Trainee: 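Structure provided below as structure tokens; questions to follow.
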Protein chains: 2
Amino acid sequence: MNIGEVAERSGIPTKTIRYYEDIGFLHPKRNENGYRIFEETELHKLTFIGRARSLGFNIEECRALLALYEDKERGSSDVKKIAQQHVKEIEAKIADLIAMRDTLTHLITACAGDHRPDCPILDNLSNGKGEPR
Amino acid sequence: MNIGEVAERSGIPTKTIRYYEDIGFLHPKRNENGYRIFEETELHKLTFIGRARSLGFNIEECRALLALYEDKERGSSDVKKIAQQHVKEIEAKIADLIAMRDTLTHLITACAGDHRPDCPILDNLSNGKGEPR
DNA sequence: TCTTGACCTTCCAGTGGCTGGAACCCTTAG
DNA sequence: CTAAGGGTTCCAGCCACTGGAAGGTCAAGA
């Protein structure tokens with residue numbers, strides 16, 4: 001399988017696949033003209049990484065998950081730990097974003113949004129007032 | 001005022017302040033030994049940017065907000081538009097993160113997390129099953 | 001006077017995870 | 001023969017900083 005087909009079937013762009021090879025996720029063979037040849041297992045690996053990335057795992061976490069996946073002896077507790085830690089981080093981000101959104105929607109509500117120059121949003125940015133923080 | 005004091009009073013690291021000068025946010029004067037000298041207005045500007053950044057506005061948005069802030073003729077509607085657009089983006093991110101979290105917590109619940117190798121989390125990453133998507 | 005240490009300066013490189021582009025090679029169809 | 005559509009490498013850029021090296025400046029203390 002050439003890189004184009006793998007890209008299509010895995011949903012991961014060719015550029016990214018080459019990058020993943022660079023950082024050691026894959027080691028596709030080459031044929032005599034230098035083209036990468038992918039096996040089904042490599043496609044499978046890529047799909048795995050793609051799903052993990054879409055769940056927000058970073059590259060190093062993907063590496064760890066992949067290693068655990070390929071280690072048939074591992075228990076599931078290691079995986080669970082990684083996932084739980086990741087959920088914590090996601091929840092922290094969600095909390096941050098919600099705080100931002102709430103502050104902003106508050107300010108937006110207070111802002112007339114017309115031709116007049118008074119603007120609680122700018123006032124808040126300027127002097128930190130108009131919104132408890 | 002030297003950069004160190006500005007950093008302390010604004011809560012923005014010196015490195016970042018120099019970077020902000022690089023990208024044209026500030027134009028502090030220099031004294032004869034080459035040190036930057038900051039006025040109160042520059043400190044104020046930095047604090048403004050810091051607050052905008054902490055609300056998740058990116059650099060270009062900060063630039064726009066600053067320009068609007070310094071334009072005494074502007075109406076508040078431009079500011080409101082920027083802020084509303086920004087809230088939309090934040091909400092999209094929140095939705096993404098919540099979807100991730102929900103998928104993950106689902107998988108975590110299903111994962112025994114013990115010495116046994118069965119792991120719904122890895123199964124899902126591997127074959128996309130075990131969780132509606 | 002000398003030294004120490006805390007400042008300050010510039011410049012270069014790295015972060016994460018790609019992504020775009022240039023310049024080139026290979027294969028197949030018309 | 002040519003053109004299109006693969007493939008290859010390598011280098012640069014994105015965002016918003018951040019770290020570090022190498023050096024200049026200044027005030028206080030021995």
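Here is the naming used below: chain letters follow the sequence lines, and residue numbers restart at 1 for every chain. Because the structure is predicted, anything quoted here is derived from the model rather than measured.
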Trainee: CE of M1(A) versus P of dG6(D): gap in Å, rounded?
Mentor: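 Computing the M1(A):CE to dG6(D):P distance gives 17 Å.
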Trainee: With a cut-off of 6.0 Å (strictly less than), are more than 12 heavy atoms of other residues, nucleotides or ligands near CD of E8(B)?
Mentor: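 Not more than 12 within 6.0 Å, no.
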Trainee: Apply side chain to side chain contact (heavy atoms under 4.5 Å, CB included) to E40(B) and M1(B), showing your working.
Mentor: CA-CA 8 Å; E40(B) 284 294 330; M1(B) 216 174 345; 4.0 Å; yes
Trainee: Rounded to the nearest Å, what distance is computed from the CD1 atom of residue I59(B) to the P atom of nucleotide dG13(D)?
Mentor: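 Checked: the CD1 to P distance equals 19 Å.
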Trainee: Would you mind reporting whether D118(A) and S76(B) have side-chain heavy atoms less than 4.5 Å apart?
Mentor: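 They are not in contact (no side-chain heavy atoms under 4.5 Å apart), so the answer is no.
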Trainee: I need the residues from residues 16-31 of chain B with at least one non-hydrogen atom less than 4.0 Å from DNA chain D; give them sorted by number, or say none.
Mentor: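 Result for residues 16-31 of chain B: T16(B), Y19(B), Y20(B), sorted by number.
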Trainee: Pairs of donor and acceptor atoms involving the side chains of residues 12-20 of chain A, under 3.5 Å and at least two apart or interchain, shall be tabulated with distances.
Mentor:
none

Trainee: How bent is the helix from dT1(C)-dA30(D) to dG30(C)-dC1(D), comparing axes over its five end pairs at each side, to the nearest 10°?
Mentor: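 About 30°, once rounded to a multiple of 10°.
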Trainee: For the CD1 atom of I37(B) and the CG atom of N2(B), what is their distance to the nearest 0.5 Å?
Mentor: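 These two atoms lie 8.5 Å from each other.
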Trainee: Heavy atoms within less than 4.0 Å of DNA chain D: which residues of residues 3-10 of chain B have one? Give them sorted by number.
Mentor: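 Heavy-atom contacts with DNA chain D come from no residue of residues 3-10 of chain B; none.
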Trainee: Could you check E32(A) against P13(A) and say which one's nearest nucleotide on DNA chain C is further toward the 5' end?
Mentor: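 Result of the comparison: P13(A).
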Trainee: Check whether any side-chain heavy atom of E61(B) sits under 4.5 Å from a side-chain heavy atom of H86(B), and report yes or no.
Mentor: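 Contact flag for E61(B)/H86(B) side chains = yes.
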Trainee: Is there side-chain contact between L66(B) and L125(A), with at least one heavy-atom pair below 4.5 Å?
Mentor: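 No, their side chains stay 4.5 Å or more apart.
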Trainee: When you check every protein heavy atom under 4.0 Å of nucleotides 19-25 of chain D, what one-letter string (B, S, -) results, 5' to 3'?
Mentor: BB---BB
Trainee: Quick one: do K88(A) and E91(A) satisfy salt bridge (charged side-chain N to carboxylate O under 4.0 Å, His left out)? Show the steps, please.
Mentor: CA-CA 5 Å; K88(A) 266 193 200 168; E91(A) 288 187 332; over 6 Å; no
Trainee: How long is the span from the CD1 atom in I121(A) to the OG atom in S126(A), to the nearest 0.5 Å?
Mentor: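 Here the rounded value is 13.5 Å.
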Trainee: When you list every nucleotide of DNA chain C with an atom under 4.0 Å from a heavy atom of chain B, which one comes first 5' to 3', and which comes last?
Mentor: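 From 5' to 3', the first and last contacting nucleotides are dC7(C) to dC11(C).
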Trainee: Between R30(B) and E21(B), does the salt bridge (charged side-chain N to carboxylate O under 4.0 Å, His left out) criterion hold? Intermediate values first, please.
Mentor: CA-CA 12 Å; R30(B) 305 294 181 114; E21(B) 183 184 359; 3.4 Å; yes
